[in-house]
Amino acid sequence: MLHEWLKDSNHTVIFTGAGMSTESGLPDFRSTNRGLWRKKDPSKIASLDALNHHVEDFIEFYRERVLGVTEVGPHQGHHVLADWENNGLVQAIITQNVDGFHQGAGSKHVHELHGTLQKLHCQSCEKVYDSSAYINEDYYCSCGGILRPSIVLFGEMLPEDAFSAAFEHAKKADLFIVLGSSLSVTPANQFPEIAKQHGAKLVIVNQEKTPLDDYADLVVFDRKIGAFLEETNKLL
C-alpha cells in the first residue's frame, strides 16, 4: 500500500522523531537508564537557565551527548530515505532529532526543528564551530564566550526558518509519513494534522500509539523503522 502511495505522490514529506535515532543506538533524550540521563533532569540541565547559571553541568551533559552521536551513525532506514530523496520520491524531511544522521546518510532537504549537535556556536558572538571542539574539551570561543550546541534548549523558540519550511511542506504534502515520533511535543506535532487537513494521506510508524492514530490512513505498530522502510523500498 505505502509503496503505491509513494509512487503516486507528487510531494512526500517525512517526519522523524526519537524512534528513528534510537534504532541507531542513540539513547532517547528522555531515557532514564543511561549515563547523565540517569543522574540529571534533562529539562533542567538542557536549558537556557543551566547555560547561564550552571555552565559546568551544562557542558558535561552536552559533551556526553556529542560523544554519543559520534559513537553511532545512520542506520539503513536513513539511507533508504536518502535514496528516495535522490530518486525524487521524497521532497522534504522534517525532524525533531538533533543527531544529523539524515544528512550523514545523504539527505539534503532536511529541516531540523530542534537544531543540531553537529555544530556549536558562541553564545556571545555566534561564531560557528564544529562539535569536535567539545570532544577536545575546548569550551570557549576566541572572543571568550561560551560555546554551546546549536540546538533548541528549553526556554528557547524553535528556529523560524526550519519551522516555516516545515509548515509549507506540510501544506503541500500529498503523503506525510511519520517515523518514530510519539507526536506528543508541540508545536511540532501540528504538522501531520496540517498535512491531513490539506488533503494528504497520513502514515504513522511508531512503536507505541500516538494521539493521531485515529486520524491516520495507515498505522504501523511494533516494527523496526529501518526494516519497514527496506521492505517498502523493495516493492517500489
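Computed from heavy atoms alone, side chains included, the values below leave out hydrogens, waters and symmetry copies.
The CD atom of E64 lies 14.0 Å from the CD1 atom of I59; values are rounded to the nearest 0.5 Å. Distance NZ/K224 to CD/E231: 13.5 Å, rounded to 0.5 Å. In this structure, NE2 in H102 is found 11.5 Å from NE2 in H79, a value given to the nearest 0.5 Å. With rounding to the nearest 0.5 angstrom, the CZ atom of F191 is 4.0 Å from the CZ atom of F163. If you take CE on M20 and OG on S181, they are separated by 12.5 Å, rounding to the nearest 0.5 Å. The CD atom of E126 sits 9.5 Å away from atom CZ of R148, with the distance rounded to the nearest 0.5 Å.
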* Asked: How far apart are the C-alpha atoms of L179 and L81, what are their side-chain angles, what is the distance that settles it, and do they pass the side chain to side chain contact (heavy atoms under 4.5 Å, CB included) test?
  -> CA-CA 11 Å; L179 301 172; L81 295 179; 4.0 Å; yes

* To do: Take S142 and K127 through the test side chain to side chain contact (heavy atoms under 4.5 Å, CB included) and record every step on the way to the result.
  => CA-CA 9 Å; S142 54; K127 182 179 177 180; 3.8 Å; yes

* Asked: Between T12 and S9, does a side-chain hydrogen bond (donor to acceptor under 3.5 Å, both in side chains) hold up when you go through it step by step?
  -> CA-CA 6 Å; T12 295; S9 173; 2.8 Å; yes

* Stepwise side chain to side chain contact (heavy atoms under 4.5 Å, CB included) test for S124 and C141 -> CA-CA 9 Å; S124 299; C141 177; over 6 Å; no

* Between D130 and L120, is a side chain to side chain contact (heavy atoms under 4.5 Å, CB included) present by the stated rule, with each step listed? -> CA-CA 6 Å; D130 188 84; L120 311 172; over 6 Å; no

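A chain of hydrophobic side-chain contacts below 4.5 Å, direct or via other Ile, Leu, Val, Met, Phe, Trp or Tyr residues, connects I146 to I151. Cluster membership check: V178 does not share its hydrophobic cluster with I225, using side-chain heavy-atom separations under 4.5 Å among Ile, Leu, Val, Met, Phe, Trp and Tyr. When the side chains of ILVMFWY residues are joined at heavy-atom separations under 4.5 Å, either directly or via intervening members, V185 and I14 end up in two distinct hydrophobic clusters. Y140 and V128 fall into different hydrophobic clusters, where Ile, Leu, Val, Met, Phe, Trp and Tyr side chains are chained together by heavy-atom contacts under 4.5 Å. Hydrophobic clustering of Ile, Leu, Val, Met, Phe, Trp and Tyr side chains at less than 4.5 Å, counting indirect connections, keeps V220 apart from Y215.
Within a 6.0 Å sphere centred on NZ of K7, other residues, nucleotides and ligands contribute more than 12 heavy atoms. Annotation: K196, atom NZ; neighbour count of heavy atoms from other residues, nucleotides and ligands within 6.0 Å is above 12.
Residues I93 and H109 form no side-chain contact, since every pair of their non-hydrogen atoms from C-beta on lies 4.5 Å or further apart. Counting only heavy atoms from C-beta outward, the side chains of L218 and W5 approach each other to under 4.5 Å. Side-chain contact between S107 and F101 is absent, with no heavy atoms from C-beta onward closer than 4.5 Å. Contact check for L67 versus R63: side-chain heavy atoms found under the 4.5 Å cut-off. Taking the side chain as every heavy atom from C-beta outward, I94 and T16 never approach each other to under 4.5 Å. Looking only at side-chain heavy atoms (C-beta outward), L48 and Q123 come within less than 4.5 Å of each other. Inter-residue side-chain proximity for I177 and I204 is flagged as unmet; no heavy-atom pair is nearer than 4.5 Å. Taking the side chain as every heavy atom from C-beta outward, F58 and L153 approach each other to under 4.5 Å.
Across all their heavy atoms, L113 and A166 have their closest contact at CD2-CB, 4.1 Å. Looking at every heavy atom in both residues, V152 comes nearest to M157 through CG1-O, 3.7 Å. Here the closest heavy-atom approach between residue Q96 and residue G17 is recorded as OE1-CA, 3.6 Å. Across all non-hydrogen atoms, the minimal contact from V219 to A216 is CG2-CB, 3.7 Å. Nearest heavy atom pair, residue H114 against residue L158, reads CD2-CD2, 3.4 Å. Contact detail for G77 and L229: the closest heavy-atom pair is O-CD1, 3.6 Å.
Ion pair K171/E193 not flagged as a salt bridge, since none of the NZ, NE, NH1 or NH2 atoms sits closer than 4.0 Å to an Asp/Glu carboxylate oxygen. Using a cut-off of 4.0 Å between Lys/Arg side-chain N and Asp/Glu carboxylate O, D57 and K44 are scored as not salt-bridged.
With sequence neighbours excluded, no residue satisfies salt bridge (charged side-chain N to carboxylate O under 4.0 Å, His left out) with E230. Taking the side chain to side chain contact (heavy atoms under 4.5 Å, CB included) definition, one finds that L89 meets it with W84, L236, sequence neighbours left out.
Under the 3.5 Å distance criterion, with hydrogens and angles disregarded, no donor-acceptor pair is assigned to the side chains of H3 and T232. In this structure, a donor-acceptor pair under 3.5 Å is absent between the side chains of S47 and D49.
Partner of T210 under the side chain to side chain donor-acceptor pair (under 3.5 Å) criterion, out of D214, D213, N206: D213 alone. The only option from H78, K108, E112 that meets the side chain to side chain donor-acceptor pair (under 3.5 Å) definition with Q103 turns out to be E112. For the side-chain contact (heavy atoms from CB on, under 4.5 Å) with L26, the lone residue among D99, L117, V98 that qualifies is D99.
At distances below 3.5 Å, not a single donor-acceptor pair connects side-chain atoms of D174 with backbone N or O atoms of A200. Here the side chain of T22 pairs a donor or acceptor atom with the backbone of G19 at under 3.5 angstrom. For the pair S150 (side chain) and T116 (backbone), a donor-acceptor distance under 3.5 Å is absent. The backbone N or O of V13 sits nowhere less than 3.5 Å from a side-chain atom of Q91 that would complete a donor-acceptor pair.
Ring geometry for Y134 versus Y139: interplanar angle over 60°, hence perpendicular rather than tilted (30 to 60°).
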